[in-house]
Amino acid sequence: MNMNTEAIIAIRKALQTSLKASRYTHTLGVEVTAIELARQHGANVYKAQIAALLHDCAKDMAHKKALAICKSYGVSLTKASQRNPDLVHAEVGAIVAKKIYRIEDDDVLCAIAYHTTGRPGMSLLEKIIYIADYIEPGRDKAPNLPKIRAVAKENLDDALRYIMKDTIRYLKKQDKYINPITIEAYAYYTKDDTR
């Protein structure tokens, strides 16, 4: 067994005890999807696997603890994120990945930090984790999933646009907070889109 395989097994074991069962199942679905996308689009499979496994590592963390981590590491909090820690779980997850899981790769840490919001100019790995989180096999409620799953095999930017458009539409319809960086990311990825 090589060091990469040992690291993956150790992370899976730690997550299995720290995440709810349903979240752990989702995490494994994101891992499988991220591996497939990394292979299809020429990304580093090991990095995709690590980022996928850790993308929700802080999602089940107690609200108080998540807010304390934000305060300690200077993560800015909106009123909405103070009320709903789900909105900062990605940023807190990147901190946990670095401090607890000893991940030093900035691309992996950014893929974790931006997996819910996206951002302008995402790296290949960031795109893969953002998309994998949305289309993993356990997801069944988002609109247009079959179409987005098919598009993701061919063109990651097109898949990003569809996901961001559907996400923004959903959040507006539910009258929920939309992180401004999501709006910026959608504008960035649609600026040359003439379709």
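Note that the coordinates shown come from a computational prediction; the quantities given were computed from them, not determined experimentally. When reading the values below, keep in mind they use all heavy atoms of this one structure, side chains included, and skip hydrogens, waters and symmetry mates.
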Enter the distance from Asp157:CG to Thr190:OG1 here, rounded to the nearest 0.5 Å. 11.0 Å
Ile103 CD1 to Ile112 CD1 distance, which is reported to the nearest 0.5 Å: 7.0 Å
Tell me the closest heavy-atom pair linking Ala66 and Val92, and the distance in Å. O-CG2, 3.8 Å
Just jot down the salt bridge (charged side-chain N to carboxylate O under 4.0 Å, His left out) partners of Asp133, sequence neighbours excluded, or say none. Arg139
I'd like to check Leu87 versus Asn179 (side-chain heavy atoms, cut-off strictly below 4.5 Å). Are they in contact? no
With a 4.5 Å limit on heavy-atom distance, are the side chains of Tyr130 and Thr116 in contact? no
As a test of understanding, state which of Lys59, Lys20, His55 forms a side chain to side chain donor-acceptor pair (under 3.5 Å) with His26. His55
Is there side-chain contact between Leu53 and Leu28, with heavy atoms separated by less than 4.5 Å? yes
For the OH atom of Tyr46 and the CG atom of Asp105, what is their distance to the nearest 0.5 Å? 10.0 Å
Establish, from distance only, whether the side-chain atoms of Ser123 and Asp107 form a donor-acceptor pair under 3.5 Å. yes
Looking at Glu31 and Arg12, does any basic side-chain N land under 4.0 Å from a carboxylate oxygen? yes
State the NZ-CG distance between Lys165 and Asn144, to the nearest 0.5 angstrom. 8.5 Å
Least distance between heavy atoms, Ala52 atom then Thr27 atom: O-CG2, 3.9 Å
Do any N or O atoms from the side chain of Arg23 and from the backbone of Asp60 form a donor-acceptor pair under 3.5 angstrom? no
Of all the heavy-atom pairs spanning Leu125 and Ala48, show the shortest one and how long it is. CD1-CA, 3.5 Å
Minimum-distance pair of heavy atoms, taken over all atoms of Thr182 and Thr117: OG1-O, 3.0 Å
Do Val45 and Ile11 land in one hydrophobic cluster if side-chain heavy atoms of ILVMFWY residues count as linked below 4.5 Å? no
Are Ile135 and Ile168 connected in the hydrophobic side-chain network, where two residues link if heavy atoms are under 4.5 Å apart? yes
Out of Glu184, Glu91, Glu126, which residue meets the salt bridge (Lys or Arg N to Asp or Glu O under 4.0 Å) rule with Arg119? Glu126
What ring pair (Phe, Tyr, Trp, His ring centres under 6.0 Å) pairs are there with at least one residue in residues 72-111, not counting sequence neighbours? His89-His115
Taking the side chain as C-beta and beyond, is there a heavy-atom pair between Tyr170 and Lys141 under 4.5 Å? no
Tell me, do Ile95 and Val75 make a side-chain contact under 4.5 Å, heavy atoms counted? yes
What distance separates Ile128 CD1 from Leu160 CG, expressed to the nearest 0.5 Å? 10.5 Å
Are Tyr177 and Met164 connected in the hydrophobic side-chain network, where two residues link if heavy atoms are under 4.5 Å apart? no
Between the CG atom in Leu156 and the CD1 atom in Ile131, the distance rounded to the nearest 0.5 Å is 4.5 Å
Whether over 12 other heavy atoms sit under 6.0 Å from Glu154 CD: no
Polar side-chain atom of Arg149 near backbone of Glu136 as donor-acceptor pair, under 3.5 Å: yes
For residues Tyr134 and Leu145, determine if any side-chain heavy atom of one lies less than 4.5 Å from a side-chain heavy atom of the other. yes
Is there a chain of hydrophobic side chains (I, L, V, M, F, W, Y, each step under 4.5 Å between heavy atoms) that links Leu77 to Met61? yes
Closest contact, heavy atoms only, Asp166 versus Pro143: OD2-O, 3.4 Å
Test item: Leu67 and Lys64 side chains (from C-beta on) under 4.5 Å apart, heavy atoms: no
Closest non-hydrogen contact found for Ala94 with Ala113 is CB-CB, 3.9 Å
Assigning hydrophobic clusters by single linkage (Ile, Leu, Val, Met, Phe, Trp, Tyr; side-chain heavy-atom cutoff under 4.5 Å), is Tyr186 placed with Tyr162? yes
